[in-house]
Structure formats: C-alpha cells, structure tokens
Amino acid sequence: MKRVLFYGLLLAPVLSVAQQGLVKYVKPIIGTEKMGHTFPGATVPFGAVQLSPETDTIPYSVDGKYTGTVYNYCAGYKYEDKTIVGFSHTHFSGTGHSDLGDFLVMPTQGPLQMNPGTAGNPKSGFRSGFSHANEVVEAGYYKVKLDDENILAELTATKRVGMHQYTFPKSDQSHIILDLMSGIYNYDGKNVWTYVRVVNDTLITGYRQTNGWARTRTVYFAMSFSKAFKGYGQKNFDGPQPYRGFWRKFDQTKNFPEIAGKNLRMYFDFNTEADEKIKVKMALSPVSQDNALENMRAEVQGWDFNKVKQEAQVDWEKELEKIKIEASEDDKINFYTAMYHAFINPTTYADVNGEYKGLDQGVHKADGFVNYTTFSLWDTYRALHPFLNITQPSRNNDIVKSMMAHYDQSALKMLPIWSHYANDNWCMSGYHSVSVLADAIVKGVYTGDASKALDACIVTANHRDYEGIGEYIDQGYISAEKSGTSVSNTLEYAYDDWCIAQLAKKLGRQDVYDIFIKRSGNWVNNFDKSIGFMRPKMADGSFKAKFDVLSTHDQGFIEGNTWNYSFFVPHDPAALIAKMGGAKKVGLRLDSLFTMHLPDEFFAETEDITREGIVGGYVHGNEPAHHVAYLYNWIGQPSKTQSRIRMILKMQYKPTPDGLGGNDDCGQMSAWYMFSSLGFYPVAPGSDEYSLGSPSVKSAVLALENGKTFTVEALNQSDKNVYVSKVLLNGKEHKGLTIKHSDIVNGGKITFVMTGKIK
C-alpha cells in the first residue's frame with residue numbers, strides 16, 4: 001500500500017504557484033472592462049515594470065482637440081476590444097488620466113508592416129485579433145494567442161525587467177517590432193527624443209524622453225534577445241525637418257547601429273522553426289543605459305522564462321499571505337484581487353544600485369531607503385496608505401522618505417501632489433501628502449526626522465500661489481470667481497490642515513497646532529445653513545446665486561457634487577452634524593443620499609463616473625465620499641453603517657471583468673474594499689482610530705511585520721446577517737464604535753457577533 005501511494009505521488013502533477021496558495025484567487029482581469037481602468041499584464045509587487053497588452057492606439061488629441069475616447073485607454077487595455085497592438089512596459093493601474101506605455105513590442109510574421117493598422121482592419125498593420133478564450137491572466141503572468149499572426153505571446157516580470165516569450169510558426173519572415181513612438185495618451189509632439197544603440201546581434205540599448213503628464217520624463221532601456229536577429233532596421237516618422245545634418249551620408253533605415261529621432265519604430269528579423277520560442281528581456285532604468293543593463297543582469301540571469309514566472313508568483317504569494325481570510329469563493333477572489341491591485345502602486349523608482357533621477361533631474365542615490373514614485377495622493381491618502389501602515393509599514397516608511405526626497409529636490413519646495421518619474425504633474429486638489437506623513441508619524445511608522453517632515457508640511461500648506469492657498473489663508477475660503485473647484489479645494493485644505501495640527505500636537509509644537517487647528521475649521525465658510533449644503537462663496541462673502549445641488553459642472557467641486565462633498569469633513573463629523581441641524585436631520589440626509597435617483601444629466605457632465613459606480617446619489621466609483629457610509633456611527637445609527645457597507649461591498653465589487661464600479665485609482669477602491677471587508681475603516685487618516693463597520697469575511701488573520709497577529713472573527717456570518725450585535729476585543733466586550741491602531745499592531749483579536757436583526 002505504501003508503494004502504491006509513493007508511486008502515485010511520483011506521478012502526481014506538480015502544481016504551479018498559481019494553482020495553489022492564495023495567488024489562484026487573484027484575477028487581474030477584474031476592472032479591465034468599463035470604468036476600472038486596470039491592466040491585465042504581468043508585474044510584481046510595487047515593481048517598476050508593468051508589462052501589459054495595448055488594445056488600441058487612440059490618441060489624446062486630433063488636430064489639437066481632445067478625443068474623449070482616449071479616456072477608456074488609461075491602462076492601455078480595454079476588455080471590450082478585439083485586437084492587440086503590442087505589449088508595453090509601463091502602466092498606471094486604475095487611474096483617470098494617464099501617461100507611460102513605454103517601449104511597445106509586437107511579434108509578427110509574414111511581410112513586414114511598420115504601422116499598427118486599425119481595429120476594424122488589423123491585418124492592415126502589425127496588430128492582431130485575439131480572443132479572451134485564448135487569454136490567460138494571472139498574477140505575474142499573461143498569455144494570449146495572436147490569432148492573425150499565429151503566435152503565442154507570454155509575459156512575466158521582475159521588479160525592473162519585463163520578460164517576453166513568443167512561440168512562432170515556421171517562417172523565414174518572423175519579426176519583432178519595437179515601437180518607440182507608441183504611448184498612452186499620445187499626441188503629436190509628445191515624444192521629445194529617442195535614441196537606440198545596437199550593441200550586437202542580440203542586444204540594444206537606448207532611451208526615450210516624453211513631454212506629457214510628466215513633462216520631463218526620460219526612461220532608459222536595455223533589450224536582449226535569446227536568438228540573434230538576422231537583420232534589423234528602422235522607420236522614422238518625424239516627417240521633413242529643415243536640417244538633418246550630415247548623417248544623411250548613411251542609409252540609416254537598415255542595419256545601422258545608432259538611431260536617433262522623435263518618432264521611431266524598429267524591427268528585428270528572424271528565421272523560425274515551427275513552435276520555436278524567441279525570448280526577450282527588456283530592463284528599464286530612470287538613470288542610464290548602463291544601469292538598465294545592470295538591472296537586467298542582476299534580476300534575470302539566463303533565459304528560463306518559467307523560472308522568472310515562478311519567482312514573480314512566489315513574490316505575490318508572500319505579499320498575499322500577509323492576510324489570510326475565510327470567506328466565500330467570490331469574496332476570496334474579490335479580496336485577493338483587491339490586495340493585488342493595492343500592492344501594484346506606488347512603484348519602485350530606483351535601480352539595483354539605488355540610483356534614481358530626482359525632481360531636480362539630477363542623479364541621486366537612495367540612502368537607507370527604497371525610492372518610490374506613482375503617488376496618486378488625492379485618491380490613495382484615504383485608505384491605501386493607511387492600509388500600508390498596517391500591512392506594509394516598512395514600505396510605507398520608505399514611501400514617506402521618498403516624499404521627503406521629492407520635497408528636498410523640489411524647486412518649489414512642495415511635497416508631492418501627484419508625482420511620477422521625477423516629475424509632479426499637479427493633478428487633483430489638496431496637499432494630501434501631509435495626510436500620508438501625519439498618518440505615518442502618528443502611528444509610529446516613520447523613522448525619519450519627524451520635525452523636518454512637519455516643516456515640509458507647513459511650507460507646502462503655506463505656498464500662497466498654488467491653487468488658491470493664499471486666498472484660503474487670508475479669508476478662510478477660496479472665492480468662486482477665482483476657482484471652479486473653490487469649495488472642494490477649501491474642504492480638502494481644511495482636512496489637510498487638521499492633519500498638520502495632529503502632527504504638531506504629536507511633536508509638542510503648540511504654536512503650529514494652534515494655527516492649523518484653526519485653519520481646519522475653514523470648511524464652515526462654505527456651509528450654507530439655509531439649504532444645508534456646501535456652496536460656492538463669492539469674494540464679497542455672499543453665496544453663489546445660481547447653484548444646482550446635483551450638478552458637477554461649474555458648481556465649485558472637482559469630480560463630485562455637493563450632495564457628496566457636503567459630508568467631507570472627515571476630521572470633525574460631530575461639528576458637521578451640529579451645523580447640519582443634528583443627528584436626526586443628518587440621518588435623513590444620509591438616507592436620501594443612498595436612496596435618491598440621480599438623473600442621467602449628471603453622467604453627461606463627467607467621464608469618470610457611470611451609473612454602475614453609484615448607489616442612489618452616493619458616488620462610490622469616485623473617492624470624496626468613501627467615508628460617508630461610516631458617518632451613521634456618529635449619529636447613533638451604526639446599524640445603517642453596517643447595512644450600507646455590506647450593500648456597497650456586494651454592489652460595487654464583483655469577480656468579473658467589469659467588477660469595479662469606478663477607477664481603481666492606484667488601489668484606493670481596492671483598499672476601501674479590504675478595510676470594509678475586515679470590519680473597520682480609517683475615516684480620518686492622521687488619527688489613530690478606525691471606525692467599525694460590518695465585516696464580510698468569516699475570519700481573517702493579519703500577519704504583522706512585528707511578528708504579531710491580529711485576528712478578525714465574524715460569528716454567525718452570512719449574507720443576511722449584516723448587523724453587529726456585539727463586539728469583543730481580546731475577549732472583552734467593546735462598547736465603542738472605533739478601535740485604535742495600537743489595538744491592531746499590538747496583536748490580538750476582534751470578534752463581531754453578527755445577526756440579521758437591527759440591534
């Protein structure tokens with residue numbers, strides 16, 4: 001009997017990482033349809049490379065006019081599309097604006113074509129039709145059959161290297177296209193300069209500089225082939241220019257080893273046997289071609305594609321094991337895919353030797369930390385960074401140090417607003433890096449100089465010529481005449497100022513606390529008691545006469561209306577409730593928000609919100625109201641917080657390609673899901689408290705970095721039992737509606753006793 005068992009074990013197939021553990025629950029295809037703006041390709045946790053397919057080449061503008069449809073391609077891939085143009089190496093996950101899409105690679109065979117063709121006629125160019133039936137999407141791995149080319153494409157990645165594996169048919173006309181002009185949110189003139197050096201018949205290096213969302217972004221690369229190409233060439237799409245120098249002495253179109261221009265595509269020719277695999281390694285660097293080559297040699301030795309894939313999935317498994325949940329299969333898919341999306345950004349922005357390009361465009365070396373970029377702070381300060389403070393404190397410590405390096409290198413002496421690739425693109429409002437700094441310091445995560453961090457917050461918050469800050473300081477609000485987002489800016493500055501006050505209090509700087517705690521009350525200046533809503537105020541102190549409480553257009557708010565923004569006082573809900581007329585009135589207002597019908601005209605005014613992302617009038621598919629369901633806790637109606645949270649979890653998150661009701665926004669939507677599934681949420685980052693809700697998991701064990709564990713248990717859990725009858729913290733009944741950060745990181749257990757009846 002033992003022999004039979006032993007023999008059977010020998011014959012049993014070895015399961016891949018993606019077939020076992022927690023990686024199997026990650027479905028990167030979630031959010032690629034409709035408004036999620038996620039990408040399905042290969043990346044590793046917080047990696048610098050995101051190697052993913054592009055399904056079209058929609059430009060940002062045509063004849064100087066915004067196309068509109070480009071918005072659907074923020075991640076390069078749209079699930080609804082039927083063709084693939086190629087595979088590029090840099091992407092944002094879930095954003096509502098974009099850039100990147102660097103170094104697009106496409107394998108082809110047959111007569112060489114150097115244009116991408118069209119979606120309606122893919123055979124007119126190097127794009128190919130594909131089917132989702134022939135597509136495999138896993139954490140760290142992507143595979144698709146390119147039907148028109150009869151080529152199987154496989155992708156995986158390390159932190160700084162993308163690895164391709166293409167299985168070709170028998171052909172003496174096999175090619176690999178390197179498109180150096182393609183990009184996401186492209187427009188004429190975006191490519192500033194491109195350089196390529198053919199080192200030998202298997203290696204090229206180069207760089208590309210673009211002027212887009214980041215206006216001075218340079219990415220260096222080293223590209224290596226597993227097989228020597230038999231020939232190569234390039235096509236320059238720059239068009240005529242007045243002066244071309246004496247390089248015209250050479251035929252630069254074919255087998256010429258040094259290429260430069262603004263808009264270039266290269267090709268590499270091969271003879272291939274049936275089912276022959278050609279592999280490609282593309283390493284990136286923010287600093288130099290030499291560093292890109294060093295990154296490649298350090299991270300991918302040899303050509304074992306399956307080994308690189310396996311290591312990528314092991315990396316993901318290690319991150320996912322930080323939280324082990326018991327839940328339904330669909331909830332496990334939603335939870336671990338949310339965790340995957342939350343751990344894509346911020347991205348590593350330094351070479352293996354620690355060098356990176358700073359905001360001053362100089363080369364710096366990170367000393368004692370890993371440098372990061374991709375800070376979508378208007379979104380991620382709310383839940384992603386607080387989530388990292390629990391699950392990834394050392395990494396978030398490095399992220400804060402990266403923000404401080406950004407401040408030191410900034411000519412404007414400001415902390416980041418929305419930064420990527422040694423640039424700040426200044427997108428969205430507020431100065432929410434101060435929230436991230438304050439939250440990390442208040443919770444004991446940041447190991448740097450906290451006083452210096454506070455000084456950076458103060459300087460940033462006093463930058464008078466940035467988006468109305470001077471007027472905000474002088475009169476307590478931003479006037480409607482000066483800004484189309486006057487109200488939302490005032491509200492967000494007030495919250496950020498409260499964060500600065502909390503940091504000052506922590507450090508014992510009473511003078512700073514007094515100034516900023518007063519400024520944090522500026523939200524009252526936009527509250528119109530006569531209608532019970534936040535409202536734009538004119539320079540003379542009167543409220544704007546023409547005002548629509550449902551509209552998002554020209555009403556003083558960014559990406560939202562006053563129904564959602566009027567609740568944006570996360571740092572002082574009690575004062576807001578008093579201003580609104582007390583708990584009873586606020587309860588009715590909250591009920592109306594979640595049950596009202598929003599007319600279709602609302603959707604005509606905004607491209608980033610669709611009806612799928614809305615519950616009543618509550619916009620979950622965007623961030624400003626993410627804390628609102630928890631406000632019932634402040635009016636003595638926690639049962640409504642509990643039922644609303646469970647409703648949002650079910651309605652807004654599904655294990656399908658269209659499973660996200662709005663842009664994931666670099667993990668913010670996903671972080672909301674994880675916090676709320678676990679039963680608590682950071683309503684006001686900068687505080688050490690979390691507001692309690694209704695967990696959807698049966699249990700969860702958080703393996704903390706300090707070696708301790710925090711366990712969440714939900715007794716009598718079911719889809720109907722959404723109410724909490726009792727909470728136990730470390731075995732003792734817990735009467736409050738909040739828990740502290742120390743309750744979590746010191747280890748222990750919280751038990752929710754669930755019921756189908758309102759307590």
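As the structure is a prediction and not an experimental result, all values here were calculated from the model.
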Polar contact flag, side-chain donor to acceptor under 3.5 angstrom, [X]-[Y]:
X	Y	result
Tyr495	Ser435	yes
Ser376	Thr380	no
Asn389	Tyr446	no
Arg395	Tyr372	yes
Glu471	Ser479	yes
Asp664	Ser670	yes
Asp465	His463	yes
Gln502	His571	no
Asn522	Asp497	no

Do you know the tightest heavy-atom contact between [X] and [Y]?
X	Y	answer
Ala461	Phe516	CB-CE2, 3.8 Å
Cys74	Ser98	O-OG, 2.6 Å
Phe46	Pro346	CD2-O, 3.1 Å
Gly532	Arg589	O-NH1, 2.8 Å
Gly693	Thr641	CA-CG2, 4.1 Å
Gly686	Asp439	N-OD1, 2.8 Å

side-chain hydrogen bond (donor to acceptor under 3.5 Å, both in side chains) contacts in which one or both residues fall within residues 30-39, not counting sequence neighbours: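 Listed once each, the pairs are Lys34-Glu612, His37-Asn663.
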
Might you work through the side-chain hydrogen bond (donor to acceptor under 3.5 Å, both in side chains) test for Glu623 and Trp672, ending with a clear yes or no? CA-CA 10 Å; Glu623 278 69 31; Trp672 189 97; over 6 Å; no

Is Ile739 close to Phe680 at the side-chain level, that is, under 4.5 Å between some pair of heavy atoms?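 They are in side-chain contact.
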
More than 12 heavy atoms of other residues, nucleotides or ligands under 6.0 Å from [atom1] of [X]: yes or no?
X	atom1	answer
Arg215	CZ	no
Asp188	CG	no
Lys482	NZ	no

Pair Lys357, Tyr349 - check side chain to side chain contact (heavy atoms under 4.5 Å, CB included), show working. CA-CA 8 Å; Lys357 181 170 285 187; Tyr349 191 62; 3.9 Å; yes

Taking it one step at a time, do Phe567 and Leu593 satisfy side chain to side chain contact (heavy atoms under 4.5 Å, CB included)? CA-CA 11 Å; Phe567 292 106; Leu593 176 66; 4.0 Å; yes

Partner of Trp418 under side-chain contact (heavy atoms from CB on, under 4.5 Å), chosen from Asn423, Leu377, Thr95: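 By the side-chain contact (heavy atoms from CB on, under 4.5 Å) criterion, Trp418 pairs with just one of Asn423, Leu377, Thr95: Thr95.
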
Arg509 bridged to Asp455 by N-O distance under 4.0 Å: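 A salt bridge links Arg509 with Asp455.
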
As an exercise, state the distance from [atom1] of [X] to [atom2] of [Y], rounded to the nearest 0.5 Å.
X	Y	atom1	atom2	result
Asn525	Ile478	CG	CD1	11.0 Å
Gln668	His626	CD	NE2	5.5 Å
His341	Leu384	NE2	CG	12.5 Å
Arg644	Tyr630	CZ	OH	14.0 Å
Asp99	Thr90	CG	OG1	8.0 Å
Leu678	Tyr673	CG	OH	9.5 Å

Test side chain to side chain contact (heavy atoms under 4.5 Å, CB included) on Tyr381 and Cys499; report intermediate values, then the result. CA-CA 11 Å; Tyr381 84 86; Cys499 290; over 6 Å; no

Cation-pi check, Lys740 onto Tyr690 ring (under 6.0 Å, within 45° of axis):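 Negative - Lys740 is either too far from the ring of Tyr690 or too far off its axis.
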
Distance under 6.0 Å and angle within 45° of ring axis: Arg382 vs Phe675: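 No, cation not above the ring by the 6.0 Å, 45° rule.
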
Under a 3.5 Å distance rule, please check whether Ser488 uses its side chain to pair with a backbone N or O of Ile558 as donor and acceptor.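 Answer holds: yes.
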
For the residue pair Tyr60 and His97, categorise the inter-ring angle as parallel (less than 30°), tilted (30 to 60°) or perpendicular (more than 60°).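 Perpendicular, since the angle between the ring planes exceeds 60°.
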
Anything under 30° is parallel, anything over 60° is perpendicular, the rest tilted; go ahead and classify Trp213 against Phe92.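 Ring orientation, 0 to 90° scale: perpendicular.
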
Dump the intermediate steps for side chain to side chain contact (heavy atoms under 4.5 Å, CB included) on Asn564 and Tyr618, then the final yes or no. CA-CA 6 Å; Asn564 284 265; Tyr618 163 75; 4.2 Å; yes

For Tyr466, what residues pass the ring pair (Phe, Tyr, Trp, His ring centres under 6.0 Å) criterion, not counting sequence neighbours?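 Applying ring pair (Phe, Tyr, Trp, His ring centres under 6.0 Å) to Tyr466 gives Trp426.
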
Would you give me the side-chain donor-acceptor pairs under 3.5 Å for residues 574-588, sequence neighbours excluded?
none

